[in-house]
2 protein chains.
Amino acid sequence: MSSSASDMTGPGDGEATPARLRNRPTRLLALVALHSDRLVTEGLAGLEARRWHYAALASLQEFGPASQTELSRRTRIHRSDLVAVINELAERGFVERAPDPADRRRNVITMTPQGRGHLHRLDDLLATIEDDVLAPLAPAERLQFTELLTRLLDHHGRSCFRDA
Amino acid sequence: MSSSASDMTGPGDGEATPARLRNRPTRLLALVALHSDRLVTEGLAGLEARRWHYAALASLQEFGPASQTELSRRTRIHRSDLVAVINELAERGFVERAPDPADRRRNVITMTPQGRGHLHRLDDLLATIEDDVLAPLAPAERLQFTELLTRLLDHHGRSCFRDA
DNA sequence: AACGAACGTTTGTCGCACGAACGAATCTAT
DNA sequence: ATAGATTCGTTCGTGCGACAAACGTTCGTT
């Protein structure tokens, strides 16, 4: 039912299959993201942080204090996993977890000044790492790249959650 | 030390921090790749396959029979994990694992005709999924996107392994 | 014959994403 | 006002992908 020729019995044919692996966008995406993630994870580990820590802190900085469920929506961190993240951040004094007086089911997560400092450090680090990841791209291409990524994320993201 | 303003004590400032989360390319990349991977994984699960199966089969198709270590280099699948992949593929008759007569430490992995058929099916499926992933992009933009990804992969890939 | 290296394999670890279930608190319908 | 459903935080367990360590076997080298 499909187009590509594949019924040639020759085991070593190299004409009809022009480098699938290198041309599958999904695979390219996965591999590049893997490298990026690895660099980010390693870099953050140097500051004893993880990617989720950054997401949580950045979201708090942008949108202010929030309950854990709301933070979960914003950062796309699963509620279950957010617990440990808040634990770790609170342990180091970067956020404060207090019961919401208006609704005692919720906790209100607030970023502390030290948290802001930490976020600032993480931001600087990530900027460096990004520069490394995008090294082979000219400035205009980097904009193009992030623009395309944003479009993809918006398209698929909006169908599941709102914003990011 | 750095440039971005962040020493304002206002908790809900929204000016000096323009949407970090949405603009961090590394994060965009991770999120988009996550969606893509999820779609691919789900799709492949429908054919009882995983991403590694495709990588292994595609590599065999492109470059012919190989030892497991060589396959590992080509597909970037870790030697440890490749064992199970070959087991699963061999169990279903898609590849054959035979000891290399020239070097009895190695196994020679060969794709069978049924393996070719299976790869062909996976190829068709992946094409559909890719079309879904890249849906919001015009054809020219898709080319741009994969071109940028390829450049990134080449730059970072060549420093670790050769080819892909 | 002996040593080091390569290969395949097993086992375990880590990070990330996710689902199930539970107690406590809240909301709603009656 | 009380019963039932819902929300929230939390704990526990699952699965996948990537990876490191270690072991027996086999091969080169000397």
Side-chain angles (χ1 to χ4, degrees), chain A residues 26-27 29-45 48-56 66-73 75-90 95 97-109 156-157 160-161, chain B residues 26-27 29-45 48-56 66-73 75-90 95 97-109 156-157 160-161:
Chain A
T26 56
R27 185 170 162 86
L29 194 53
L31 287 176
V32 173
L34 176 63
H35 276 279
S36 168
D37 279 5
R38 181 154 43 196
L39 290 179
V40 169
T41 300
E42 282 173 4
L44 289 179
E48 274 151 318
R50 285 180 298 144
R51 245 179 325 137
W52 284 348
H53 294 192
Y54 177 77
S67 75
Q68 296 186 193
T69 295
E70 199 188 328
L71 250 184
S72 167
R73 262 192 293 266
T75 59
R76 282 171 152 74
I77 300 175
H78 203 273
R79 299 192 324 218
S80 326
D81 306 316
L82 193 55
V83 178
V85 174
I86 302 298
N87 284 342
E88 292 160 15
L89 290 176
V95 302
R97 183 192 333 221
D100 186 342
D103 184 343
R104 293 216 306 280
R105 289 172 301 181
R106 305 178 205 239
N107 293 334
V108 179
I109 312 299
H156 291 92
C160 305
F161 297 91
Chain B
T26 56
R27 184 170 162 86
L29 195 52
L31 286 176
V32 173
L34 178 62
H35 275 279
S36 167
D37 279 4
R38 180 153 44 196
L39 290 178
V40 168
T41 300
E42 282 173 5
L44 289 179
E48 274 152 318
R50 285 183 297 145
R51 253 189 307 143
W52 286 347
H53 295 192
Y54 177 76
S67 74
Q68 296 188 193
T69 296
E70 198 188 330
L71 251 184
S72 168
R73 264 191 293 265
T75 59
R76 284 169 152 73
I77 301 175
H78 204 273
R79 301 193 322 224
S80 324
D81 306 315
L82 193 55
V83 178
V85 174
I86 302 298
N87 284 343
E88 292 160 14
L89 290 176
V95 302
R97 175 196 280 155
D100 186 342
D103 183 343
R104 293 216 306 278
R105 290 172 298 181
R106 305 180 206 239
N107 293 335
V108 178
I109 312 299
H156 292 91
C160 305
F161 296 92

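These numbers come from a predicted model, not from an experiment. Chain identifiers are assigned alphabetically (A, B, ...) following the order of the sequence lines, protein sequences preceding nucleic acid strands; residue numbering begins at 1 within each chain.
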Q. Can you name the closest pair of heavy atoms from B:Ala56 and B:Leu89 and give their distance?
A. CB-CD1, 4.1 Å
(Q) If you compare all heavy atoms of B:His78 against all heavy atoms of B:Ser72, which two are closest, and at what distance to 0.1 Å? (A) C-OG, 4.0 Å
Q) Any side-chain heavy atom of A:Gln68 within less than 4.5 Å of one from A:Arg97? A) yes
Q) CG of A:Leu71 versus C1' of D:dC8: gap in Å, rounded? A)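 Result: 13 Å.
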Q. Mapping A:Gln68 and A:Ala30 onto DNA chain D by nearest heavy atom, which one lands closer to the 5' end?
A.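 Whichever sits nearer the 5' end wins; that is A:Gln68.
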Could you work out which one of [options] sits closest to the side chain of [X]?
X        : options               : value
B:Arg106 : C:dT9, D:dT6, C:dC7   : C:dC7
A:Arg97  : C:dA6, D:dT6, D:dG9   : D:dG9
A:Trp52  : D:dT7, C:dC16, D:dT10 : C:dC16
A:Asn107 : D:dT10, C:dA17, C:dT9 : D:dT10
A:His78  : C:dA17, C:dT9, C:dG19 : C:dG19
A:Arg79  : D:dG9, C:dT26, C:dG8  : D:dG9

Applying a 4.0 Å non-hydrogen cut-off, can you work out what [X] is touching in the nucleic acid: base, sugar-phosphate, or nothing?
X       : result
A:Leu82 : nothing
A:Arg50 : sugar-phosphate
A:Asp81 : base
A:Ser80 : base

Q | Any donor-acceptor N/O pair, B:Thr75 side chain to B:Leu71 backbone, under 3.5 Å | A | yes
